[in-house]
Colleague: 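First the structure, then my questions, so here it is.
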There are 2 protein chains.
Amino acid sequence: MEKLTIKEIAKLAGVSPTAVSFVLNNKKGVSEKTRKKVREVIEKTNFVPSLNSRRLFFKKSYNISLVIQQSSSPFSDLFYYEITNGILEKSKEFGYNIVFTDISMKGNSMEIPNIIKYKDTDGIIFYQDTERAILREVDKLNIPYVIVDAHSTSSDFTSINADSELLSYTATKFLIERGHVDIALISSSYIPEYYIQIFTGYKNALEEVRVSISPYWIQNNAFNELSAYNCMENILKNALKPSAVFCAGDIFAIGAIRCAKDKGYRVPEDISFIGVDDIILSRYIEPALTTIRIDKALMGRLAMDLLVKKINGESVESIILESDNIVVRNSVKNMDCS
Amino acid sequence: MEKLTIKEIAKLAGVSPTAVSFVLNNKKGVSEKTRKKVREVIEKTNFVPSLNSRRLFFKKSYNISLVIQQSSSPFSDLFYYEITNGILEKSKEFGYNIVFTDISMKGNSMEIPNIIKYKDTDGIIFYQDTERAILREVDKLNIPYVIVDAHSTSSDFTSINADSELLSYTATKFLIERGHVDIALISSSYIPEYYIQIFTGYKNALEEVRVSISPYWIQNNAFNELSAYNCMENILKNALKPSAVFCAGDIFAIGAIRCAKDKGYRVPEDISFIGVDDIILSRYIEPALTTIRIDKALMGRLAMDLLVKKINGESVESIILESDNIVVRNSVKNMDCS
DNA sequence: ATGAAAGCGCTAACAT
DNA sequence: ATGTTAGCGCTTTCAT
């Protein structure tokens with residue numbers, strides 16, 4: 001059997017390679033008769049054109065790379081896994097391969113993945129806030145990218161973010177509506193802009209019902225489950241106990257709840273908790289966590305939309321997702337009917 | 001600035017493209033002097049050779065695709081995410097892109113992903129047992145593949161599996177050593193061969209201490225959390241209650257425990273549970289689940305090793321991983337010191 | 001050791 | 001509408 005190329009198909013169909021190429025790409029310039037004949041031969045031979053040739057000709061890799069940071073916690077993986085599902089969905093539509101890449105640390109700094117170094121990607125989706133050094137490198141290489149869940153915004157890059165302030169406001173407001181007034185906050189100050197948003201939402205909701213906040217109740221050193229546990233310890237050290245805690249992330253809530261239980265508090269009878277994200281885990285802990293759901297698959301789909309537009313040279317704007325979808329489970333006590 | 005190609009570099013260095021190519025690929029046939037000069041130019045210009053050209057020349061895509069089935073449960077995703085980490089680790093070493101693909105259903109049958117249809121992949125790693133129709137199609141296309149966590153073995157394909165019988169034996173034996181004699185089984189009969197292994201391990205451990213088993217205690221219709229819940233209901237319908245249940249998968253255990261609690265049983269005081277897999281969730285439920293850990297990252301690394309060998313034309317053998325690493329948490333009661 | 005040239009399989013400009 | 005041809009950027013064979 002002859003090696004199957006466009007040339008060979010042309011020979012079999014008794015036409016020129018150009019004709020075959022036109023048929024394959026649904027271009028006009030061939031008669032219906034020729035088109036049909038070519039289609040028959042393609043069908044019969046199961047011919048598929050070589051993507052590698054097209055890659056060379058168009059100088060495109062048809063790869064989009066997902067760059068995820070080697071995470072400290074498997075739960076950020078979980079969060080991103082759901083985003084990835086949205087991306088995959090769209091990738092079929094656009095005809096790109098989705099290539100998984102993780103940024104590994106080389107000593108103290110991040111190492112540029114090979115797929116980027118060798119420009120073997122038409123675009124990049126970064127997960128989570130990404131080191132500026134890396135972004136600059138990518139800018140230099142002239143590869144379009146978007147950042148999903150950047151936690152910060154900037155005119156320097158295109159990002160898809162949840163509206164943290166709204167999220168925070170919604171969560172706090174929910175607690176207030178359930179009769180809570182003494183509400184603590186566990187958040188992260190790692191990304192200052194993010195922290196401000198969270199704090200602002202919390203504050204705006206709270207100032208409608210409360211004039212002062214105990215500084216003990218504002219904890220901003222959480223970055224994973226364990227540190228959230230410690231934050232909760234700090235909160236409980238104070239004589240004034242809050243009746244509810246808003247945690248800016250389900251995984252923080254999970255750590256904080258564990259702490260409260262360890263210290264003998266009942267949840268939610270003694271202290272209520274609300275989170276943000278709705279990671280899969282939240283349904284399974286006890287009590288099941290009340291939280292604000294972020295539509296992560298949607299974030300993924302939007303990221304692809306924006307990135308493909310950028311690849312095609314269109315200009316795009318960052319997106320802020322307004323998620324305020326409260327998932328009511330069992331971690332918040334209703335103070336009004338106790 | 002000139003477009004950077006091997007030709008351009010050659011011009012700048014005052015040598016032939018051949019020389020540059022040799023230097024890039026660390027081949028001999030160029031003098032040290034030439035080599036050095038070329039290296040300098042490459043360094044100075046930040047030149048990287050075009051992968052797409054090499055793709056065409058070598059007829060290789062440098063892609064390895066991961067094929068995951070659109071799963072009913074996000075927890076199988078979780079399980080596979082850990083395998084993926086092992087695969088990614090190895091991919092750097094071997095220089096392949098890891099491309100994510102999921103098999104979507106088209107009506108009643110699976111649809112071959114484009115990356116396979118267009119032979120845009122040098123090899124495939126299938127996650128989980130895969131429809132024979134798909135495997136045959138891939139065979140026809142002559143693309144090497146391995147199956148990780150196939151749950152069945154066959155001389156038809158190369159797979160990386162945990163030793164289910166050993167897993168099952170170890171779990172049951174552990175319960176026996178804690179003084180349990182009345183031990184039920186929740187498993188899946190979806191893949192017969194797998195079921196036989198699980199049952200055999202269970203039976204072999206059990207027959208050392210028990211002459212008869214109540215048929216009510218053998219439940220084999222679990223395939224997710226909910227069905228495992230139903231299996232547990234069936235077990236509890238019987239007048240004879242087991243003191244422990246071995247669940248052939250953590251997610252089954254999670255469903256079963258929920259059922260037991262719903263019916264007012266205390267875990268592990270009234271009934272003990274042990275699982276298999278050690279998915280991330282198992283640490284977080286209450287009580288934290290005692291389980292047999294499978295080293296999923298290792299499975300991923302081994303899958304890559306085997307696949308790359310296959311791609312290189314070496315012959316390989318399937319691997320059965322002997323995992324019997326018991327992770328003791330709080331879901332099994334010690335009957336001897338009660 | 002070095003360089004010229006052919007060719008991987010496709011697309012598109014150009015001529016007919 | 002159809003065919004001829006050059007060229008994408010690399011590797012390798014074959015002269016020198």
Side-chain angles (χ1 to χ4, degrees), chain A residues 1-42 45-63 95 114 117-122 141, chain B residues 1-39 41-42 45-63 95 114 117-122 141-142:
Chain A
M1 186 169 118
E2 269 300 321
K3 197 177 356 148
L4 241 35
T5 68
I6 225 175
K7 223 167 162 180
E8 183 63 22
I9 299 295
K11 201 191 290 176
L12 290 175
V15 298
S16 75
T18 309
V20 179
S21 176
F22 279 4
V23 172
L24 281 170
N25 297 293
N26 289 315
K27 290 195 175 163
K28 57 180 182 203
V30 279
S31 65
E32 253 335 295
K33 196 166 132 263
T34 309
R35 197 177 290 272
K36 205 177 143 200
K37 195 163 47 180
V38 171
R39 286 235 170 87
E40 276 169 16
V41 176
I42 290 175
T45 53
N46 287 316
F47 170 73
V48 284
S50 151
L51 263 170
N52 289 335
S53 304
R54 319 190 79 221
R55 284 195 168 99
L56 178 56
F57 183 85
F58 289 113
K59 297 190 178 63
K60 280 194 67 155
S61 64
Y62 297 102
N63 289 158
N114 277 336
K117 207 154 63 188
Y118 290 108
K119 300 190 206 177
D120 191 28
T121 185
D122 298 339
L141 261 27
Chain B
M1 186 171 119
E2 270 299 321
K3 198 178 354 148
L4 239 38
T5 67
I6 225 174
K7 223 167 159 178
E8 183 62 22
I9 299 296
K11 202 190 290 174
L12 290 175
V15 298
S16 74
T18 311
V20 179
S21 175
F22 280 3
V23 172
L24 281 170
N25 298 292
N26 289 315
K27 289 193 177 166
K28 55 179 184 212
V30 278
S31 64
E32 253 335 294
K33 198 169 130 259
T34 308
R35 196 177 294 270
K36 205 176 143 200
K37 194 163 46 183
V38 171
R39 285 235 171 86
V41 177
I42 290 175
T45 54
N46 286 318
F47 170 73
V48 283
S50 150
L51 262 169
N52 289 336
S53 304
R54 319 189 80 222
R55 284 195 168 100
L56 178 57
F57 184 86
F58 288 113
K59 296 190 179 65
K60 279 196 69 157
S61 64
Y62 297 101
N63 288 158
N114 277 337
K117 207 154 63 189
Y118 290 109
K119 299 191 206 178
D120 190 29
T121 186
D122 297 339
L141 260 28
N142 223 348

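Here is the naming used below: chain letters follow the sequence lines, and residue numbers restart at 1 for every chain.
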Colleague: Let me know the distance between CZ of A:Arg54 and C1' of C:dA12, rounded to the nearest Å.
Modeller: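 The answer, rounded to whole Å, is 12 Å.
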Colleague: Any donor-acceptor pair under 3.5 Å joining the side chain of B:Thr18 to the base of C:dA4?
Modeller: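 A donor-acceptor contact between them is present.
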Colleague: In terms of the nearest nucleotide of DNA chain D, which residue is placed more toward the 5' end: B:Val20 or A:Ser31?
Modeller: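 Residue closer to the 5' terminus by nearest nucleotide: A:Ser31.
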Colleague: Would you indicate, yes or no, if C:dC10 has its OP1 or OP2 atom less than 4.0 angstrom from a side-chain nitrogen or oxygen of A:Lys7?
Modeller: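 Checking C:dC10 against A:Lys7, no side-chain N or O comes under 4.0 Å of OP1 or OP2.
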Colleague: Rounded to whole Å, please give me the gap between CG in A:Leu56 and P in C:dA12.
Modeller: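 After rounding, the reported distance stands at 13 Å.
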Colleague: Measure CG/A:Leu51 against P/C:dC10 and give the value in whole Å, please.
Modeller: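 Rounding to the nearest Å, CG of A:Leu51 and P of C:dC10 are 10 Å apart.
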Colleague: Could you tell me the boundaries of the chain A footprint on DNA chain D, defined by atoms under 4.0 Å from its heavy atoms?
Modeller: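 Using the under 4.0 Å cut-off, the span is D:dA1 to D:dG9.
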Colleague: Whole angstroms only, please: what is the NZ-C1' distance between B:Lys119 and C:dG9?
Modeller: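 Checked: the NZ to C1' distance equals 13 Å.
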Colleague: Nearest 0.5 Å, please: how far is OG in A:Ser61 from OH in B:Tyr62?
Modeller: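 The OG atom of A:Ser61 is 15.0 Å from OH of B:Tyr62, to the nearest 0.5 Å.
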Colleague: Measure the OG-CZ distance between A:Ser21 and A:Arg54 for me, rounded to the nearest 0.5 Å.
Modeller: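 Here the interatomic distance stands at 7.5 Å.
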Colleague: State which residues pass salt bridge (Lys or Arg N to Asp or Glu O under 4.0 Å) with A:Arg35; sequence neighbours excluded, sorted by chain then number.
Modeller: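 With sequence neighbours excluded, A:Arg35 shows a salt bridge (Lys or Arg N to Asp or Glu O under 4.0 Å) to A:Glu32, given in chain and number order.
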Colleague: For A:Phe22, report the nucleic acid contact type (base, sugar-phosphate, nothing); a contact means any heavy atom under 4.0 Å.
Modeller: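 If one applies the 4.0 Å heavy-atom cut-off, A:Phe22 turns out to touch nothing in the nucleic acid.
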Colleague: With respect to the phosphate group of C:dA12, does any side-chain polar atom (N or O) of A:Lys27 fall under 4.0 Å of OP1 or OP2?
Modeller: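 Checking A:Lys27 against C:dA12: at least one side-chain N or O falls below 4.0 Å of OP1 or OP2.
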Colleague: With a 4.5 Å cut-off on side-chain heavy atoms, are B:Leu56 and B:Asn52 touching?
Modeller: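 Counting from C-beta outward, B:Asn52 and B:Leu56 never come under 4.5 Å.
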Colleague: If every non-hydrogen atom of A:Asn63 is compared with every non-hydrogen atom of A:Asp120, which pair is closest and at what distance?
Modeller: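 Reported closest heavy-atom pair: OD1-O, 3.3 Å.
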Colleague: In whole angstrom, give the distance that lies between atom CG of B:Asp120 and atom C1' of C:dC10.
Modeller: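 Checked: the CG to C1' distance equals 14 Å.
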Colleague: Side chains of B:Thr34 and B:Ser31: donor-acceptor distance under 3.5 Å anywhere?
Modeller: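 The answer is yes; a qualifying pair exists.
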Colleague: Round to a whole Å and report the spacing from NZ of B:Lys11 to P of C:dG3.
Modeller: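 For the pair B:Lys11 NZ and C:dG3 P, the rounded distance is 14 Å.
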Colleague: What I want to find out is whether A:Arg55 reaches A:Asp122 closely enough, with some N-O distance under 4.0 Å, to be called a salt bridge.
Modeller: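 No salt bridge links A:Arg55 with A:Asp122.
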Colleague: How many whole angstroms separate atom OH of A:Tyr62 from atom P of C:dC10?
Modeller: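 Nearest whole value for this atom pair: 13 Å.
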Colleague: Using heavy-atom distances to pick each residue's nearest nucleotide on DNA chain C, tell me which of A:Thr5 and B:Val15 is more 5'.
Modeller: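 Final value for this comparison: B:Val15.
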Colleague: What is the nucleic acid contact for A:Asn25, judged by heavy atoms within less than 4.0 Å: base, sugar-phosphate only, or nothing?
Modeller: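 If one applies the 4.0 Å heavy-atom cut-off, A:Asn25 turns out to touch the sugar-phosphate alone, with no base involved.
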